[in-house]
Every structure is written in C-alpha cells, then in structure tokens.
Enquirer: 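Please find one structure pasted underneath; my questions will follow.
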Amino acid sequence: MSDPANSTIADALDELGDLYELDGAVIHRVLAYRTAARAVRDARGSVAQLAREGAVTSIPGIGATLERKILDLIETGEIPAAVKLRERYPPGLLAITALPGLGPKRARRLFDELGVDSPDALRAAASAQRIRTLKGFGAKGEQAILAALDAGAAERPRSRTLLDRALEIGELIIEALRALDPQAQIMLAGSARRRADSVKDLDIVVDCPSLLDSLGTLDLLEEGGRTSPSAARGRTHSGLTVELRAVSSEQFGNLLQHLSGSSAHNAALRERAVRVGLHISEYGILEDATQTTHHCATEDEVYARAGLSYIEPELRENRGELEAAAAGTLPVLVELSDIRGDLHAHTTASDGHASIEQMAQAALALGYEYLAITDHSATHGFGDDVSPEQLRRQIELVREADAKVEGIKLLAGSEVNILPDGSPDYDDDLLAALDWVIASVHTSFALDRDAMTERMCRAANHPLIDAIGHPTGRLVQRRAPYELDVDALIATCAATGTMLEINASPHRRDLDEIHSRAAAAAGVRLVINSDAHSTGGLQSLPYGIWTARRAWLTAADVANTLPWPAFAARLKRSRR
DNA sequence: GCCGTTTTCGGCCCGACTGTTTTCAGTCG
C-alpha cells in the first residue's frame with residue numbers, strides 16, 4: 001500500500017477535529033487539529049515518509065499524540081479515535097454545521113434533544129416548529145434554518161471564484177470607486193490581494209466613508225448597501241460577494257493588514273505580538289507598557305511596530321514568513337519584470353489561434369527576449385496532431401519567422417505528450433533538432449500512483465526532455481491532480497537537471513506554490529510559462545509569477561529570468 | 001493537543017454580529 005498523500009492525512013485530521021468539536025472538546029484541542037491539518041497540507045515533503053522516519057514532530061503543531069494518530073493512519077488506513085467518534089456522530093450531523101448560524105454546539109443540542117442527525121431530519125423538526133421549543137433557539141432561527149435548507153446550503157460547498165475573474169471584477173469596482181473620489185485610498189485586500197488560486201469574496205478597503213453608500217449604485221453590482229457605519233456589502237451579477245470597509249487614513253494600514261490576512265498569518269502575528277506586550281487588531285496596536293493605541297497609516301508601520309520587516313501579501317499564509325521577517329531573511333521575490341522569455345506557446349499548427357509571427361509580435365510587445373513555439377505533438381488526440389513531417393516543416397517556419405521578426409529570438413520547440421509508458425511521442429533525432437522540448441501528460445490520467453510516478457520520472461530521465469509541463473494536471477476548482485508522487489518527480493528532476501514548469505494559466509497554476517517551493521528547495525529550476533493559445537494568452541504570465549512568489553521563489557530560482565544564451569547553456573542537452 | 005524570554009503547567013489573537021436574552025454564548029471572519 002502506498003503512503004497516503006499529505007492532503008489525505010490533512011483531511012483525516014480535519015475530520016477528527018470536527019468530530020472532537022461535536023464531542024464537546026475544549027476549543028484549543030480542536031484548533032490544534034486544524035493547525036496540524038494545515039501544517040500537513042502545506043508541508044513540502046511527504047508527511048507519511050517523515051512519520052515513518054520518526055521525524056513528523058519536527059512539523060510545528062504536531063506532537064507525540066498526533067504522531068501516533070498519523071502512524072495509525074499510515075499503517076492501518078484508519079485513526080481509531082475517528083472510527084469510534086463516527087459511530088457516535090452520524091455524517092449528517094457534520095452536514096448540518098455547514099448551515100449558517102449552526103455551529104457544532106447548536107448542532108449537538110439539536111442531535112441530543114431532538115434526535116436531528118441529518119439535513120432532512122432538521123427540515124422536519126423545523127417544519128414541525130419543534131426547534132423553537134429548545135432553550136436558546138427561537139422562531140426566527142427556525143425560519144433561517146428552513147431558508148438555508150431551501151437555498152441548498154447543506155448540500156453544496158460554497159463556490160469560489162477563480163483569481164482571474166475576481167481580479168477583473170475587483171479592478172473594475174476599484175476603478176469605478178476611484179472615479180467617484182479620486183483622492184481616496186482604495187485597496188483590494190483578502191485572498192485576491194494574496195493572489196491565491198481562487199477567492200470566496202472580494203474585500204476592498206477605503207479611507208473615505210462616503211464611498212460606502214456608492215457601492216450599491218455601481219452598474220457592476222446586482223445589489224449592495226451599507227451593513228454598518230463602516231461597512232457595505234454587495235453582490236456582483238456573477239454572484240461574487242463584495243465587502244467594502246471604510247476606516248480613517250490614520251488607521252488605513254491596520255485595517256488593510258487585517259483584511260489582507262490570511263487568518264492563519266494574522267493569528268500567528270498577533271500571538272507573536274502578545275509575547276512582546278502588543279495587541280494587534282484591525283483598529284490599531286495596543287501597547288501594554290504605555291496603554292496607548294498606535295494607529296498605523298501603512299502596513300509597513302504595522303509590521304515595523306511588531307519588530308518585523310515588511311511581508312509581501314503573497315507570503316502571508318503562516319508558512320514561515322513571520323520567523324523570516326523577524327530574522328531579516330525574507331527572500332527577494334521574483335517579479336514579472338524579471339522574466340525574459342516565454343517557453344510554452346501554441347499556434348495554429350496545433351490548437352492555437354494565432355500564427356508564429358503574430359505570437360512573436362505579441363511577445364515582443366511584452367518586452368520578451370525570446371519565445372518558444374511549442375505546439376502539441378503527434379498523439380495529442382484532439383484532431384490537431386502535428387506529425388513528425390509537419391514538425392520538421394514547423395521548425396523551418398520558426399527559423400524563417402525568427403529571421404523576419406527583429407528584436408526577439410524564436411525557438412523551435414514542442415509540447416510533447418508523455419505516453420503512458422513515459423516515453424515521448426517523437427523520435428530522438430527529431431527531438432534533438434528542436435531548441436527546447438517540454439513534455440506533458442494529456443492522456444491516461446487515471447493510472448495508479450506508482451505507474452504515474454514511474455511514467456513522469458521516465459520522462460524526466462529522457463535526455464532530450466528539457467522540462468515537464470503542468471506537472472500535476474490539476475485544474476483549479478475543477479479537476480484534482482492525477483495520482484502522482486510529486487516528491488519523487490522533484491528528486492528525479494533535481495538529479496537529471498530537468499526543469500519543472502509553473503504553468504501560468506489561471507486555470508492551472510501548476511505546479512502549485514507548495515510543490516514549487518519544494519522543487520526550488522531541492523535545487524530544481526522552475527520555468528514560468530503562459531501556455532498561450534492566442535496572443536492574449538501570453539498575458540497570463542502574472543498568474544505564474546504570483547504562484548512563484550507564493551512559493552517564496554527569487555529570480556535565481558526561475559530559469560526564464562536568464563537571457564537565452566545563459567538559459568540554453570543550462571539545458572541538460574547542452575551539458576551532455 | 002501543542003508549546004516554552006510564562007519551559008513540563010497553564011496558557012493558547014481580536015473583534016463584530018446575532019438571536020435570545022437581562023448579561024451572553026455561539027458563530028463567523
């Protein structure tokens with residue numbers, strides 16, 4: 001039996017935390033499980049392997065008790081405590097806690113006193129007006145429960161919006177607000193500012209309270225209005241919730257910092273601050289010694305008062321950034337302007353929408369020094385295969401276009417399929433005729449973990465495969481990564497000098513930030529590519545940059561920050 | 001359940017809102 005993935009272990013710890021919470025455990029014990037689950041999910045290597053080596057307690061938040069439970073999970077597939085608790089609390093009870101206003105405490109009372117053990121049982125109890133008979137519950141709450149059930153809140157998880165859509169809407173809203181008050185400070189906060197893969201809602205901070213009344217008047221919004229003297233809420237036509245918060249200019253930094261989160265970052269920041277006699281909130285920093293509250297106009301001041309250097313929003317996930325900020329060892333993160341070329345682009349030769357020359361002109365306009373044309377290969381399987389003969393012709397066409405378009409180096413490449421056995425779908429002499437080969441999986445996603453890992457590692461071992469494209473195949477919010485031991489792939493890439501792609505499509509962002517960070521730490525060089533299928537597609541590169549920044553990468557970790565000659569010299573085909 | 005310029009016990013971020021209440025627990029972000 002292969003080891004459970006970090007996400008599997010994390011899910012098990014989260015579930016156990018939920019069960020203990022239903023069981024009435026003290027909240028700090030429950031939180032310990034959630035903290036541990038998060039740490040496992042964010043861990044850079046295999047937690048199962050670490051546990052088998054007896055070193056899992058090196059992860060902050062995991063002690064002897066959780067080590068035992070993780071080992072049980074690895075060895076038997078189950079955690080005994082979870083098995084026992086599941087018998088006591090039916091799964092329908094956890095579903096009930098997904099309803100707004102119904103947490104573990106109230107759900108537990110409905111279960112104990114009314115026998116409510118599922119959303120259906122809850123509906124029956126509410127319809128019969130039995131819920132209002134409980135102490136602490138009332139008619140209003142009963143109506144709210146029925147309304148939430150009717151809205152389907154118990155069945156589907158709350159939907160999240162992809163970052164590209166969220167930023168597009170957020171920027172339009174900010175633009176509209178700025179037009180109303182050009183002097184106001186207006187900033188996007190929340191997970192959109194941290195450039196997470198997807199967002200639950202949009203948070204915007206302003207220093208001009210009169211803008212709160214304007215939110216609902218914007219064309220972009222379906223509805224909106226004030227919810228308190230300092231806040232307004234609205235909903236876009238696409239259903240995205242927008243939270244607008246106003247604060248004085250003197251406290252702008254405090255509120256911006258607070259609303260930019262993440263909650264884990266803020267909690268850890270505040271815990272650190274308490275140890276030095278400071279209490280950080282969204283309104284200011286209370287100093288124990290003087291009993292004065294310091295207002296901060298900027299985030300720099302917030303972090304400086306806490307004894308920390310400024311922390312970029314992309315790093316605020318409590319993944320070690322506070323310790324690094326205290327020690328003055330935060331990395332200088334890679335920026336879009338560091339990028340000199342894009343090494344993954346399609347044309348009409350396969351499934352792209354533009355010609356080689358059009359793509360070249362678009363890349364030139366972005367200031368790039370080089371662009372690789374990497375159409376799909378012979379077995380793409382979507383009716384746009386590029387036969388070996390066609391690829392030889394395509395190489396000539398790229399050379400011709402390269403001679404024609406001034407100011408940018410065009411590279412003849414291919415995005416070859418990695419066949420189920422791990423081999424590429426062109427012959428070696430054809431691959432050798434190319435400047436650059438990126439290899440990706442587009443078929444047979446359902447191989448088991450061992451077979452998929454061997455497949456990918458075989459590809460990474462191929463002397464003419466320079467990089468692995470979108471290495472896990474995940475689509476944000478749509479498709480889970482295929483079963484793959486990413487650590488093993490990273491190790492193979494490190495050993496062979498194969499690069500790993502951070503595919504910048506906002507739908508992919510693959511590798512993700514966790515694995516990208518692990519890859520860089522293992523000495524693997526990352527390459528950030530757009531995977532453009534049109535001239536406009538080249539402009540998705542910032543999403544890859546943001547993933548790289550969330551992975552703590554510097555320009556030195558990213559190969560395509562190099563000029564082409566230096567890049568080419570680092571290719572394993574050059575070094576042979 | 002974890003952890004240590006509070007170190008093996010006693011703490012563990014901060015604040016707003018809600019509904020059901022005469023003072024607050026629970027929920028949420």
Side-chain angles (χ1 to χ4, degrees), chain A residues 13-14 16-40 56-70 79 81 96-110 131-145 147-148 153 158 189-191 199-203 205 226-231 233 241-243 245 247 251 254-255 257-286 288 293 302 306-307 318 322 326:
Chain A
L13 295 179
D14 268 330
L16 193 48
D18 289 344
L19 287 166
Y20 275 131
E21 193 172 25
L22 275 176
D23 201 42
V26 292
I27 190 63
H28 296 110
R29 187 165 160 229
V30 175
L31 290 175
Y33 278 88
R34 306 229 162 104
T35 302
R38 220 188 105 77
V40 167
V56 78
T57 55
S58 65
I59 297 177
I62 296 184
T65 305
L66 267 70
E67 177 181 41
R68 184 63 255 156
K69 289 182 156 75
I70 290 170
I79 300 174
I96 288 172
T97 63
L99 292 166
L102 277 187
K105 293 281 198 298
R106 287 158 63 85
R108 177 68 192 280
R109 289 197 49 220
L110 291 168
I131 290 176
R132 66 181 67 181
T133 64
L134 300 188
K135 191 171 165 60
F137 289 79
K140 209 164 175 179
E142 203 170 64
Q143 291 308 311
I145 286 170
R158 288 196 57 185
S191 46
V199 309
K200 183 168 63 64
D201 53 25
L202 282 177
D203 295 293
V205 185
R226 250 180 217 259
T227 53
S228 85
S230 63
R233 180 180 302 127
T241 300
V242 182
E243 303 272 358
R245 288 279 296 269
V247 71
Q251 294 167 292
N254 297 110
L255 186 62
Q257 193 284 322
H258 169 74
L259 286 178
S260 295
S262 65
S263 59
H265 171 88
N266 284 352
L269 170 68
R270 290 166 179 193
E271 280 168 20
R272 285 184 76 90
V274 167
R275 293 203 290 271
V276 295
L278 298 172
H279 302 272
I280 299 178
S281 82
E282 61 219 86
Y283 303 110
I285 303 180
L286 172 64
D288 281 339
T293 297
V302 176
N318 194 28
L322 294 164

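Worth saying up front: this structure is predicted, and the values here are computed from it rather than measured.
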Enquirer: Given the C1' atoms of B:dC17 and B:dT7, what is the spacing between them in whole Å?
Expert: 39 Å
Enquirer: Sub-3.5 Å donor-acceptor pair from the side chain of A:R226 to the main-chain atoms of A:P229, do we have one?
Expert: yes
Enquirer: Within this structure, what is the CD-to-C1' distance between A:Q257 and B:dG29, rounded to whole angstrom?
Expert: 14 Å
Enquirer: Can you tell me if A:S228 touches the phosphate of B:dA16, counting only side-chain N or O atoms and a distance under 4.0 Å to OP1 or OP2?
Expert: no
Enquirer: Would you mind classifying the nucleic acid contact of A:A268 as base, sugar-phosphate or nothing, using non-hydrogen atoms under 4.0 angstrom?
Expert: nothing
Enquirer: How do A:Y20 and A:G138 order along DNA chain B: which one's closest nucleotide is nearer the 5' end?
Expert: A:Y20
Enquirer: Categorize A:S263 for me: base, sugar-phosphate, or nothing, with a 4.0 angstrom heavy-atom threshold over every strand shown.
Expert: nothing
Enquirer: Of all heavy-atom pairs between A:T241 and A:D201, which one has the smallest distance, and what is that distance?
Expert: O-CB, 3.2 Å
Enquirer: When you get a sec, tell me which of B:dT21, B:dG1, B:dT27 is the closest nucleotide to the side chain of A:K105?
Expert: B:dT27
Enquirer: Nearest to the side chain of A:K200 - B:dG29, B:dG1, B:dT27?
Expert: B:dG29
Enquirer: With a 4.0 Å cut-off on heavy atoms, is A:L99 in touch with a base, just the backbone sugar-phosphate, or nothing at all?
Expert: sugar-phosphate
Enquirer: On a heavy-atom basis, which atom in A:R106 and which in A:G136 lie closest, and how many Å separate them?
Expert: NH1-O, 3.6 Å
Enquirer: May I ask you to say what A:R106 touches in the nucleic acid, namely base, sugar-phosphate or nothing, with a heavy-atom cut-off under 4.0 Å?
Expert: sugar-phosphate
Enquirer: For a quick check of understanding: with a heavy-atom distance under 4.0 Å over all strands, which category does A:A39 fall into, base, sugar-phosphate or nothing?
Expert: nothing
Enquirer: Work out how far the P atom of B:dA16 is from that of B:dT21, and round it to whole angstrom.
Expert: 24 Å
Enquirer: A:L102 has an atom CG; how far is it from atom C1' of B:dG26, in whole Å?
Expert: 11 Å
Enquirer: When you compare B:dG15 with B:dG10, how far apart are their C1' atoms, in angstrom units rounded to a whole number?
Expert: 24 Å
Enquirer: For A:P104 and for A:I280, find the nucleotide of DNA chain B with the closest heavy atom, then tell me which residue's nucleotide is more 5'.
Expert: A:I280
Enquirer: In Å, rounded to the nearest 0.5 Å, how long is the span from CG of A:L102 to CZ of A:F137?
Expert: 6.5 Å
Enquirer: In Å and rounded to the nearest 0.5 Å, what is the CD to CG distance from A:E243 to A:L259?
Expert: 9.0 Å
Enquirer: Return the nearest nucleotide to the side chain of A:S281; candidates are B:dC13, B:dG15, B:dG19.
Expert: B:dG15
Enquirer: Quick one: is B:dC2 close enough that its OP1 or OP2 comes under 4.0 Å of any side-chain N or O from A:Y33?
Expert: no
Enquirer: In the strands shown, is B:dT27 matched to any nucleotide by a Watson-Crick or G-U wobble pair with both distances under 3.5 Å, and which?
Expert: B:dA16
Enquirer: Between B:dC13 and B:dT22, how far is it from one C1' atom to the other, in whole Å?
Expert: 29 Å
Enquirer: Starting at atom CD1 of A:I131, determine the distance to atom P of B:dG19, rounded to an integer number of angstrom.
Expert: 15 Å
Enquirer: When the P atoms of B:dT20 and B:dC28 are considered, how many whole Å apart are they?
Expert: 15 Å
Enquirer: Quickly work out the A:H28 NE2 to B:dC14 C1' distance and round it to whole Å.
Expert: 13 Å
Enquirer: If I compare all heavy atoms of A:I131 with all of A:E142, which pair ends up nearest, and what's the gap?
Expert: N-OE2, 3.0 Å
Enquirer: Please classify the nucleic acid contact of A:L269 as base, sugar-phosphate, or nothing, using heavy-atom distances under 4.0 Å.
Expert: nothing
Enquirer: Distance between the C1' atoms of B:dT6 and B:dG11, in whole angstroms?
Expert: 8 Å
Enquirer: Could you give the CZ-to-P distance, from A:F137 to B:dC24, as a whole number of Å?
Expert: 20 Å
Enquirer: Could you work out which one of B:dG19, B:dG1, B:dG15 sits closest to the side chain of A:Y283?
Expert: B:dG15
Enquirer: Starting at CD1 of A:I59, measure out to CG of A:L66 and round the result to the nearest 0.5 Å.
Expert: 10.5 Å
Enquirer: Nearest whole angstrom, please: distance from the P of B:dA16 to the CZ of A:R245.
Expert: 9 Å
Enquirer: Rounded to the nearest Å, what distance is computed from the CG atom of residue A:N266 to the P atom of nucleotide B:dC28?
Expert: 19 Å
Enquirer: Would you indicate which nucleotide in B:dG15, B:dC13, B:dC14 comes nearest to any side-chain atom of A:E271?
Expert: B:dC13
Enquirer: Distance between the C1' atoms of B:dT8 and B:dC2, in whole angstroms?
Expert: 12 Å
Enquirer: Could you tell me how far apart A:E282 (CD) and B:dC28 (C1') are, to the nearest whole angstrom?
Expert: 13 Å
